[in-house]
Structures are given as structure tokens and as C-alpha cells.
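As C-alpha cells, the structure follows; a few thoughts come after it.
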Amino acid sequence: MTGLFITLEGPDGCGKSTQVAPLADYLRSKGRTVFTTREPGGTAISDQVRQIIMAMKNTTMHPRTELLLFLSARAQLVEEVIRPRLAAGEIVISDRYADSTMAYQGYGHGYDRDLVARLLDFATGGLKPDLTLLLDIDAEEGLRRRQSGGGEWNRMDAYQLEFHRRVRAGYHELASQEAYRWITLDGSQTPEMVQLAIRQAVDSRLS
Ligand code: TMP
């Protein structure tokens, strides 16, 4: 693999999705070929799986089913899109990736984290990001943003506040376990300030 794999992570409402396009533009302005994607989704098959996961009508979905659906959507994205583009030397930026599964299904739902790690390894064929940007935000503030119109409200948002607090704490733990890969940024700042911080962080990793 000769490309660079960058992921954006964070609790719901952290504002990461609005940061992807300006970051891609910035890197393109430096002459890099950049491809952006998001999870769950990013391929025709993965987008169909996303609809099943997110649909508010699927209230009876068991957390184990949910976990496996996220993994299946990702397996397809990795093989169809991410690996070939990295092999071609591109920068791939993904709005969420495997760390979301560890944060939401591992820490949020409380599944055995060693087991989740093994399943992630299987689903991704061991592909890990080179750099992960964590946009950190208080769980309550993030959900407030979502409720006041920051994106479409979905089945995952509707989990209890306690679930979202565990997700955030999980992200903190993940970032501290692999400090070389993660950069944590304050997601409560204005989008412009967050973008500036992201560009600085990416520049420092690229140089
Ligand atoms: P988003 O597109 O607004 O980020 O919504 C995706 C939701 O799915 C968000 O609540 C995080 C959640 N999610 C998981 O629970 N596990 C995963 O592996 C991924 C990729 C997302």
C-alpha cells in the first residue's frame, strides 16, 4: 500500500461530516489525489446495508445483528474501494471506519472488545488507518446538535444518552491506546476552527 488512509471519528453530532470535503479540497490543492467515502455505505451494497441499519422502523434489531451489518458493509467497502485506491497511491478519507464499531458496538453496547477486535480484523483483512482524527464533543451537546437539524435523525441517534456517553468514553480510551495514530480535536469549536486544526494535524503527519 502506497497511499494514505485517513479516518474521521467522533460521537454523533461532532461535526466530522462537514469537515471531509474541505479537507479533501485542501489536500487536492497540494497536488494529491484524494477519494472520500463514508461509513456505513460507500458502495452500492454497503449503501443498502446502511438503510437497513439506520431505518427507524427497525426497532427490533438485535445489537448482534447491528454489529454484523456494520462489518458486512465495511468488508465490501474495503475490498471494492479502499484497498484498490490505496494501492494506486491515493489518499482515502473515510467519514467513520472500524473505530466506530469498537466505540459504538464494543463500548456502547458492551460487547467483548477482544472479540470485536478479531471480528474487525476479519472484516477489514487487517486494514488500519494511518491517521485518525477524533472530533471530540460532549455526548449531550452532540445529540442536541443532531436534534436541532444537524443531519437526518436515525436509529443509532435514538439510543439512550448513557449509550452515547459510553461511546465518547470509548473513543478517549481508543485514542490513548494508540496515540501515534490518533489526533484528538475539540469538536465544539466553530467548523472553521476545526478545519484549521485538522489541516495542521494532517500537515504535521504528512511532513
Ligand atoms: P453518521 O453517518 O451520521 O455518522 O451515522 C452513522 C451512525 O452509525 C452513527 O450513529 C455511528 C453509527 N456507527 C456504528 O454504530 N458502528 C459503526 O461501525 C459505524 C461505521 C457507525
Side-chain angles (χ1 to χ4, degrees), residues 5-21 23 36-43 45-56 58-59 61-78 80-82 92-113 115-124 127-129 132-171 174 187 191 194:
F5 186 22
I6 301 173
T7 57
L8 276 87
E9 293 283 353
D12 288 272
C14 69
K16 62 185 169 34
S17 303
T18 56
Q19 300 295 336
V20 172
L23 173 60
T36 64
T37 188
R38 68 154 182 190
E39 275 223 53
T43 72
I45 292 173
S46 312
D47 282 336
Q48 292 173 65
V49 177
R50 179 187 177 96
Q51 285 180 11
I52 298 171
I53 296 172
M54 297 301 182
M56 287 301 290
N58 288 337
T59 48
M61 188 181 295
H62 192 278
R64 205 184 299 143
T65 312
E66 179 188 292
L67 167 58
L68 293 170
L69 285 172
F70 278 118
L71 295 178
S72 62
R74 178 167 309 127
Q76 188 67 28
L77 179 68
V78 166
E80 194 178 319
V81 175
I82 300 180
V92 175
I93 305 174
S94 184
D95 179 351
R96 294 196 182 283
Y97 184 63
D99 296 303
S100 282
T101 306
M102 190 54 92
Y104 282 78
Q105 282 67 50
Y107 288 88
H109 285 314
Y111 278 120
D112 179 322
R113 293 199 284 278
L115 172 65
V116 175
R118 286 204 302 280
L119 290 170
L120 285 172
D121 203 45
F122 174 70
T124 62
L127 179 68
K128 284 196 144 201
T132 299
L133 301 160
L134 171 59
L135 267 60
D136 187 36
I137 193 159
D138 175 67
E140 231 166 326
E141 172 59 18
L143 289 178
R144 238 193 320 273
R145 282 185 180 181
R146 299 277 299 157
Q147 272 161 335
S148 62
E152 152 222 13
W153 186 256
N154 60 50
R155 200 183 56 82
M156 298 301 299
D157 296 317
Y159 281 127
Q160 303 282 323
L161 177 61
E162 253 333 291
F163 173 87
H164 292 280
R165 286 196 176 128
R166 287 195 296 276
V167 169
R168 185 192 187 200
Y171 271 127
L174 291 172
V194 172

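Indexing begins at 1, ligand by ligand and atom by atom, following the structure's order. Note that these values count all heavy atoms, side chains included, but never hydrogens, waters or copies made by symmetry.
Listed by atom number, the atoms of ligand 1 under 4.0 Å from Gln105 heavy atoms are 14 (C), 15 (O), 16 (N), 17 (C), 18 (O). In summary, the atoms of ligand 1 found under 4.0 Å from a heavy atom of Lys16, numbered by their order in the structure, are 4 (O). Taking a cut-off of under 4.0 Å to the non-hydrogen atoms of Ser100, the atoms of ligand 1 that pass are 16 (N), 17 (C), 18 (O), 19 (C), 20 (C), 21 (C). Close approach to Arg50 involves these atoms of ligand 1, each under 4.0 Å from a residue heavy atom: 2 (O).
For an aromatic pair to be called close, the ring centres must be under 6.0 Å apart, and Phe5 with Tyr97 satisfies this.
Between Tyr159 and Arg166, the side chains place no donor N or O within less than 3.5 Å of an acceptor N or O (distance only, hydrogens not considered). For the residue pair Thr7 / Thr132, a side-chain donor-acceptor distance below 3.5 Å is found, with atom types taken as modelled.
At under 3.5 Å, not a single nitrogen or oxygen of Asp95, backbone or side chain, sits near a nitrogen or oxygen of ligand 1. In terms of polar-atom proximity, Tyr97 is not counted as a contact of ligand 1, lacking any N or O under 3.5 Å from an N or O of the ligand.
Using a 4.0 Å cut-off between heavy atoms, Arg38 makes no contact with ligand 1 at all. By the criterion of a heavy-atom distance under 4.0 Å, neither the backbone nor the side chain of Glu66 is placed next to ligand 1. Contacts between Thr101 and ligand 1 below 4.0 angstrom, taking non-hydrogen atoms only, involve backbone and side chain alike.
Scanning all protein heavy atoms for the shortest distance to atom 4 (O) of ligand 1 gives Arg96 NE, 2.7 Å. The closest protein non-hydrogen atom to atom 12 (C) of ligand 1 is Phe70 CZ, 3.8 Å.
Between the Arg168 side chain and the Ile137 main chain, a donor and an acceptor come within less than 3.5 Å of each other. Side-chain atoms of Arg50 never come within 3.5 Å of backbone atoms of Gly41 as a donor-acceptor pair (strictly under, hydrogens ignored). No donor-acceptor pair closer than 3.5 Å links the side chain of Asp12 to the backbone N or O of Asp157.
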**Q.** Arg165 vs Glu140, salt bridge (charged side-chain N to carboxylate O under 4.0 Å, His left out): CA-CA, chis, key distance, verdict
**A.** CA-CA 8 Å; Arg165 286 196 176 128; Glu140 231 166 326; 3.2 Å; yes
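With Asp99, Asp12, Leu67 as candidates, the residue nearest to atom 10 (O) of ligand 1 on a non-hydrogen basis is Asp12. Among Met54, Glu9, Arg74, the residue whose heavy atom sits closest to atom 6 (C) of ligand 1 is Met54.
The only option from Glu66, His62, Met61 that meets the side chain to side chain contact (heavy atoms under 4.5 Å, CB included) definition with Arg64 turns out to be His62. Screening Gln19, Lys16, Arg38 for a side chain to side chain donor-acceptor pair (under 3.5 Å) involving Asp95 leaves a single residue, Lys16.
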